[in-house]
Amino acid sequence: MKALINLHKNFRLALKRVTCLRRMTDTGQKASTSTLSSASPSALSLSDVRPVVAVCQLTSTSDKEKNFNVCRALIERAKKRGANMVFLPECFAYMCESTDQYLAAAETMEGEIVAKYKELAQSLQLWLSLGGFHQKGPADDPKRLWNTHIIIDSQGHIAAQYDKLHLFDLDIKGKVSLKETNFTIPGNNVVPPVETPIGKVGMAVCYDLRFPEMSSYLVQQGAEILTYPSAFTQTTGLAHWEVLLRSRAIENQCYVIAAAQTGRHNAKRTTYGHAMVVDPWGCVVAECHEGEDVCLAEIDLEYMRKVREQMPVQEHRRRDIFGTMTNLKSLAPLDEPRSYQFGQHTIDSSIVFYKTALSLAFVNRKPVLPGHVLVCPLRPVERFNDMTPAELCDMFQVVKQVSEVVDREHNSTSLTIAVQDGPDAGQTVKHMHVHILPRKKGDFANNDDIYQKLEKHDKNLDGTEETNSGKWRTLEDMAAEASRLRTLFK
Ligand code: AMP
């Protein structure tokens with residue numbers, strides 16, 4: 001086995017040299033390690049100073065304190081070498097032999113482990129990605145935990161947390177058997193890419209790497225860097241690790257950062273290692289040596305943009321044939337107070353009750369019927385045909401989800417779902433939107449009378465938009481309805 005691993009390694013190193021060379025010649029760009037050193041000092045401007053990431057490789061055991069000390073030493077070393085953000089692998093806090101041990105050692109987000117890393121991030125003034133934290137499950141589910149990837153900012157605050165979506169159940173007879181579903185609660189959603197000093201980071205964990213639709217989705221949402229903190233087994237790592245990481249980088253034309261567990265953790269568990277950073281051309285630009293280690297790479301988003309520009313894969317997608325990557329549950333955070341543009345109007349976030357990366361759902365200031373709500377693309381697009389395929393798919397997914405909720409809330413028997421595309425079709429607000437109205441038997445003398453009502457309810461007699469705010473609902477009234485509706489999506 002050892003000989004096989006060495007053979008594989010030597011082959012990979014040779015291959016890596018070839019790929020990096022190809023990257024230099026094909027794109028006319030030097031590999032990132034030589035870019036800074038080859039430039040004359042006077043030619044360097046501040047904008048040439050690229051952010052630096054550090055990717056760690058650990059052999060975690062069940063000893064939490066020892067693990068923390070190793071991580072701290074690696075993070076401090078990375079800081080001294082100029083890292084802006086440091087990445088730790090799945091199970092960075094501990095790795096146990098049995099499910100019971102995992103459950104007993106699990107902590108909450110308010111526990112000691114997370115507190116220690118928050119303090120470390122703040123004292124060293126750097127960002128941390130903590131892949132795969134065993135987060136204690138809810139009180140009514142004591143036999144399971146969440147596998148949570150946490151990003152901490154340089155102020156020591158949690159910037160984002162993501163619960164692993166794809167759980168790893170593996171049974172290769174006589175070699176390795178692991179059943180994560182036995183003790184882990186699967187995540188429920190993708191987290192929108194996180195703004196960090198190194199770029200927009202898409203969060204994933206280990207086994208998620210095998211699901212390219214997740215990486216495509218994150219990149220479609222703006223991710224520039226994909227992260228896969230991992231604990232790959234020896235068997236699967238040897239066969240698939242680097243191929244998968246490089247594939248995700250190449251097909252998405254983005255950076256991939258993959259911290260890893262390595263070596264023998266206990267009698268039952270051995271992992272593959274090879275923590276690495278892959279650039280948008282698919283070149284491995286940093287890789288840890290054997291054992292516990294940290295290695296660094298520059299993130300060059302300008303280079304990423306060049307790769308995307310020279311081969312615009314995203315633009316070449318045949319969405320007409322394969323559709324658009326959509327996330328049926330892409331609820332984005334609603335909590336921050338802000339305003340949104342709705343045509344000529346400004347919408348306060350308190351009246352928004354559902355939001356995805358591309359669409360908004362909010363209550364109506366002058367409903368034609370109780371429960372009359374609106375869904376629109378976040379981008380102020382005027383006409384139906386101006387929407388991108390992604391916006392269209394997302395908006396109609398939202399319409400479906402909102403319809404279900406409104407239907408239930410108002411005990412309706414039918415729904416009017418209407419689009420008025422352009423002024424001569426009755427559109428007053430120059431921003432594509434869908435009206436959703438819960439209907440009941442006999443709510444109008446004739447069912448289609450609603451279209452006349454829709455045509456007139458927000459207009460003056462001369463057809464101009466009604467501006468008499470006395471006829472509108474109060475903000476408090478609308479916010480109360482939105483707040484009630486929000487709870488129905490959880
Ligand atoms: P349309 O006439 O099809 O353009 O519909 C516009 C809809 O947006 C109407 O139902 C209005 O009552 C509603 N509306 C306009 N401005 C606001 C606003 N600021 N907040 C909530 N609803 C609004």
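Order of listing sets the numbers, starting from 1, for every ligand and every atom in it.
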Applying a strict 4.0 Å limit to heavy atoms, is E455 in contact with ligand 1?
no
Would you mind running through ligand 1 and noting each atom that sits below 4.0 Å from a heavy atom of L374?
7 (C), 8 (O), 13 (C), 22 (N)
Determine, considering heavy atoms only, which of R365, H435, Q427 sits nearest to atom 18 (C) of ligand 1.
R365
What residues, two or more places apart in sequence or in another chain, satisfy side-chain contact (heavy atoms from CB on, under 4.5 Å) together with N385?
none
My understanding is that we take every heavy atom of each candidate and find the minimum distance to atom 14 (N) of ligand 1. Doing that for F342, W472, F362, which one comes out nearest?
F342
Would you call the rings of F362 and F342 parallel, tilted or perpendicular if under 30° counts as parallel and over 60° as perpendicular?
perpendicular
Atoms of ligand 1 close to G426 [distance to a heavy atom under 4.0 angstrom, numbered from 1]:
1 (P), 2 (O), 3 (O)
Using distance alone, with no hydrogens and no angle criterion, decide if Q344 and E465 have a side-chain donor and acceptor under 3.5 Å apart.
yes
Residue part near ligand 1, for V363, under 4.0 Å between non-hydrogen atoms
backbone
Contacts of type side-chain contact (heavy atoms from CB on, under 4.5 Å), residue R379, not counting sequence neighbours
V381, T388, E391
Judged by modelled atom types alone, do N147 and E180 share a side-chain donor-acceptor pair under 3.5 Å?
yes
Would you say the side chains of S403 and D407 form a donor-acceptor pair under 3.5 Å?
no
Of all the non-hydrogen atoms in the protein, which one sits nearest to atom 20 (N) of ligand 1, and at what distance?
I347 CD1, 3.6 Å
In terms of atom number and element, which parts of ligand 1 are under 4.0 angstrom from non-hydrogen atoms of V429?
4 (O), 6 (C), 15 (C)
Tell me whether V368 reaches ligand 1 (any heavy atom closer than 4.0 angstrom to a ligand atom).
no
Looking at ligand 1, does any of its N/O atoms fall within less than 3.5 Å of an N/O of E465?
no
I need the nearest protein heavy-atom contact for atom 3 (O) of ligand 1: residue, atom name and distance, please.
Q420 OE1, 2.7 Å
Could you pull out, from K430, Q344, H457, M432, the option with a heavy atom nearest to atom 9 (C) of ligand 1?
H457
With the side chain counted from C-beta on, respond yes when K453 and F444 share a heavy-atom pair under 4.5 Å apart, and no when they do not.
yes
Residue part near ligand 1, for D458, under 4.0 Å between non-hydrogen atoms
side chain
E466: which of K366, K459, K456 passes salt bridge (charged side-chain N to carboxylate O under 4.0 Å, His left out):
K366
